[in-house]
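Position 1 is the first residue of the sequence, and the numbers go up from there. Below, each value reflects all heavy atoms present in this structure, side chains not excepted, and no hydrogens, waters or symmetry copies.
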Amino acid sequence: MSTRSKVLVESRAGRGDPIPERIVKLDDTALIRLIQETHDPDGREIDCQPLMRNIEEILYRVAPLGIQAAMQKTPAPSDVDNAQLATLSFVVNRISSQMTYKCLVNGDAHAIAVSLLQLLSAYFWDAKLVLLLAAFVLNYSECWLVIQIHGSSKLASKIATLKQVPKLGILKQQLEALNNLIMLLLDLAKCIIEFKELPPESSDLPELSTAHGAIPTAVYWFTRGIVACAAHSTQFTASNYDYTTLRSGTLEKELSALADKIKISNERLQKQLTICYQAIDEKKEIDAYKSLSRLIESAHIDNMKVLKALLNTNEDMAPLIEGYTKIRIKIQITQFTLLNTSCLDILGQIYMESKTYSGRINDFEFVWIPMVESSPMTEATKQKFENCLAAMPWCSVGHPSFISKPVKRFIREKFHYRNKPILVVLDPQGKVSSLNAFHMMWTWGTFGFPFTKQREEALWKEEFWRLELLVNGIDMTILNWIRSGRHIILYGGDDIQWITNFTDTAHRVALSGIPLELVYVGKGDKSEQEMKPLVDTITNKRLSYCWKEIEIWFFWTRLKSMLFSKIQLKTNDEHDPVMQEIEKLLMYDGIGTWALFSRGSDVSFTGRGDDVLHTLQKFHEWKENVKRIDFFDALKEQYEQLCGDDHPCCHLDFDNIAGEIPENMMCPDCHRSMEQNAIYSCCHEPVQ
């Protein structure tokens with residue numbers, strides 16, 4: 001027999017005698033086997049919850065126990081099925097009688113516990129515990145009923161005299177220990193009932209099997225606790241009870257030892273119950289994720305099923321908030337649905353223009369899905385959500401909690417969401433026609449409708465490198481300059497000294513009879529807040545025409561979107577002049593300062609800031625060339641002679657929003673393949 005893990009089983013040897021301890025040696029395996037042998041359920045089911053509520057309600061009214069304070073709140077009224085009670089009353093009375101009798105004749109506590117479990121062999125574990133509790137409470141409540149009313153009832157007074165009911169003051173310490181044990185028994189019973197009430201789909205979870213292995217031992221110690229409570233409460237009112245035992249504190253020690261055992265069993269099972277709930281939730285999330293994947297891959301008559309699954313709604317819910325009225329609305333069938341994860345002013349402008357001028361009022365609808373990772377939401381996140389919601393002209397999910405974990409996982413894994421705004425397009429049948437239509441929306445606005453790959457390819461076939469491609473939809477002033485065929489210079493960077501020198505030099509050159517229109521377009525990696533001081537300085541000093549911060553942001557976002565569009569279409573930059581020029585502009589911006597020169601619509605070239613400035617500063621050396629060719633052509637010629645083959649390093653950083661990066665990228669200066677490196681950064685924005 002194993003000596004590593006023992007259970008000590010104490011029993012009373014004789015009523016009125018000191019309490020000797022007798023040790024019954026059983027290892028864990030033997031105890032589990034013994035209890036399992038008493039367990040032979042025949043399939044009968046008991047609704048344990050109403051019976052438990054009835055038991056708690058009875059105990060709540062046992063004032064001397066102080067159980068009201070321990071429970072902290074009044075139990076919910078019980079709704080016990082009278083038919084069930086009629087069936088179980090015989091069993092409860094039989095258990096109660098046997099417990100009382102065996103405790104009074106000083107039976108072995110271990111033997112009593114085993115015999116009671118044998119009596120309940122046909123019931124499931126949870127039912128055993130509830131029936132044992134009911135049997136104990138039946139006698140215990142009768143005893144305290146006599147104690148409570150014997151002062152006001154002659155009948156109760158005679159019964160109290162006959163039973164030799166003691167004064168409560170004598171039993172104070174014992175009642176405290178008994179109260180503690182009863183509360184632990186209630187907790188353990190509730191825990192095991194919870195295991196029984198786990199959903200059927202959890203039956204094959206390995207975590208549940210582990211818990212089931214610990215239940216027999218817990219049931220044994222629960223039964224021992226019930227026997228101890230019954231024994232001590234019965235003997236409190238025995239006529240020849242030995243109060244010397246009370247004064248010695250032995251009873252409290254025995255009850256305390258059992259309380260420790262039951263507490264340990266309860267803690268172990270509670271831990272396993274938590275693990276089971278986690279496993280069940282994970283399984284549900286996995287099943288929901290797979291179901292959503294199958295749903296979106298399937299063909300449908302309309303996109304209602306897909307939208308309801310993504311927004312985690314049913315027929316009766318109104319999960320959306322309408323943009324104009326801010327009232328809750330139900331999901332409606334639309335030709336195309338654009339699922340937006342952003343909170344952007346520019347997109348709002350495009351949306352309003354599309355609804356007002358494009359004639360496509362009913363062709364598509366936006367739905368904002370706020371991706372909030374923190375749960376519960378912080379006050380700052382709540383405020384940001386409310387601010388975005390108030391500013392949006394389109395529909396929005398009513399609350400971030402509507403977006404379930406499986407849907408968030410699907411958006412991340414299938415829609416390639418990377419903490420940056422995306423615009424997923426669902427066609428009228430619920431199929432994904434674009435994983436991210438932002439690049440099309442930024443580049444062509446509603447001309448990109450219906451935002452499919454075929455439409456994207458068709459638009460690029462019609463496009464070439466021209467100034468309208470860069471500034472269309474941003475600034476009407478520049479578009480008027482283009483139509484007038486003026487010499488236009490777009491320049492950028494955040495070096496105010498270079499900006500001052502460059503604009504001064506350009507203005508001096510313009511005095512030679514060459515009118516130049518200079519436009520400052522900012523820097524791509526700077527936020528609107530970071531750009532504001534530069535914009536204010538250029539505007540106040542009248543260095544040149546200057547865009548507002550939001551226009552600067554849109555310009556660079558649009559330019560990056562063009563590159564993403566090309567990348568998603570698997571375009572090879574070696575054979576695509578437009579892609580080469582986009583990459584050059586983004587790379588030069590990453591290095592520092594730059595300038596782009598265009599006469600009307602025709603872009604002449606894009607140059608590095610220092611080299612362009614140096615070339616302009618030497619205008620007096622090559623100004624005669626302007627007589628035979630256009631000013632920008634002469635400037636380009638001198639720029640290329642000045643630069644030669646000496647090129648500093650180029651690099652290009654861009655967000656991997658679409659989950660794709662180009663396999664190869666050509667340097668815009670030396671035309672060789674560039675090295676590829678990965679950079680990881682953290683975006684802490686709670687709402688996108």
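No side-chain donor from either of D40 and S121 sits under 3.5 Å from a side-chain acceptor of the other. Donor-acceptor pairing under 3.5 Å is lacking for the side chains of E207 and Q278.
I35 and T38 make their closest contact through O-OG1, 2.6 Å (heavy atoms, listed as atom of the first residue, atom of the second, distance). Across L292 and A309, no two heavy atoms sit closer than the pair CD1-CB, 3.6 Å. Between S141 and I58 the shortest heavy-atom distance is CB-CG2, 3.6 Å. Of all heavy-atom pairs between A134 and I55, the closest is N-CD1, 3.7 Å. Here the closest non-hydrogen pair linking C229 and L185 is SG-CD1, 3.9 Å. Across every non-hydrogen atom of C48 and I193, the tightest pair is CB-CD1, 3.9 Å.
Remark: the backbone N or O of V92 is not paired with any side-chain donor or acceptor of S96 at under 3.5 angstrom. Checked by atom type and distance alone, the side chain of N54 never pairs as donor or acceptor with a backbone atom of P50 at under 3.5 Å. A donor-acceptor contact shorter than 3.5 Å links the side chain of S115 to the backbone of I112. When atom types are taken as modelled, the side chain of H300 and the backbone of L295 share a donor-acceptor pair closer than 3.5 angstrom. Panel note: side chain N266, backbone I262; no donor-acceptor pair is recorded below 3.5 Å.
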- Task: In sequence, state the C-alpha distance, the side-chain angles, and the governing distance for L34 and H110, and then conclude on side chain to side chain contact (heavy atoms under 4.5 Å, CB included).
- Result: CA-CA 11 Å; L34 175 65; H110 170 71; 3.8 Å; yes
- Item | Worked check of side chain to side chain contact (heavy atoms under 4.5 Å, CB included) between L129 and I226 | CA-CA 9 Å; L129 305 193; I226 287 289; over 6 Å; no
- Verify side chain to side chain contact (heavy atoms under 4.5 Å, CB included) between V219 and L117, making sure each step is shown before the conclusion. CA-CA 9 Å; V219 169; L117 290 174; 3.8 Å; yes
- Please assess L198 against L205 for the test side chain to side chain contact (heavy atoms under 4.5 Å, CB included), listing each intermediate value before the final yes or no. CA-CA 11 Å; L198 290 175; L205 291 175; over 6 Å; no
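With a 4.5 Å cut-off on side-chain heavy atoms, Y123 and V130 do not count as touching. Two residues are said to be in side-chain contact when any heavy atoms from C-beta on lie closer than 4.5 Å; F410 and I296 meet this criterion. Within the 4.5 Å cutoff, side-chain heavy atoms of C191 are placed close to those of F195. Contact annotation: the side chain of V407 never approaches that of I369 to less than 4.5 Å [non-hydrogen atoms, C-beta and beyond]. Considering only heavy atoms from C-beta on, L133 comes within 4.5 Å of M52 through its side chain. Using a 4.5 Å heavy-atom threshold, the side chains of P199 and I280 count as touching. You'll find the side chain of H416 stays beyond 4.5 Å of the side chain of I422, heavy atoms only. Between Q49 and E197, the closest side-chain pair of non-hydrogen atoms falls below 4.5 Å.
Between the CG atom of L184 and the NZ atom of K261 there is a distance of 14.5 Å, given to the nearest 0.5 Å. A distance of 10.0 Å separates CD of Q272 from CD1 of I215, quoted to the nearest 0.5 Å. The line from OG1 of T223 to NZ of K128 is 8.5 Å long, rounded to the nearest 0.5 Å. T217 contributes atom OG1, which lies 5.0 Å from atom CG of L31 (distance to the nearest 0.5 angstrom). Of the inter-residue distances, the one linking K263 atom NZ with L258 atom CG reads 14.5 Å to the nearest 0.5 angstrom. The CG atom of L88 sits 4.5 Å away from atom CD1 of I46, with the distance rounded to the nearest 0.5 Å.
Among the candidates E413, R294, K408, R409, the single residue satisfying the side-chain hydrogen bond (donor to acceptor under 3.5 Å, both in side chains) test with Y289 is E413. Evaluated for a salt bridge (Lys or Arg N to Asp or Glu O under 4.0 Å) with D287, the options K283, K290, K284 yield exactly one hit, K283.
Screening residues 31-58 for ring-ring contact (aromatic ring centres under 6.0 Å, His included), with sequence neighbours left out, gives H39-W125.
Taking the six-membered ring for Trp and thresholds of 30 and 60 degrees, F136 and Y140 have nearly parallel ring planes, at less than 30 degrees apart. The aromatic rings of W368 and F385 sit parallel, their planes meeting at an angle under 30°, below the 60° perpendicular limit.
Enclosure of atom NZ in K305 is not indicated, since only 12 or fewer non-hydrogen atoms of other residues, nucleotides or ligands lie within 6.0 angstrom.
Cation-pi contact between R412 and Y417: absent, since separation from the ring centre below 6.0 Å together with deviation from the ring axis within 45° is not met.
Looking at E56 and K190, a side-chain N of the basic residue comes within less than 4.0 Å of a carboxylate O on the acidic one, giving a salt bridge.
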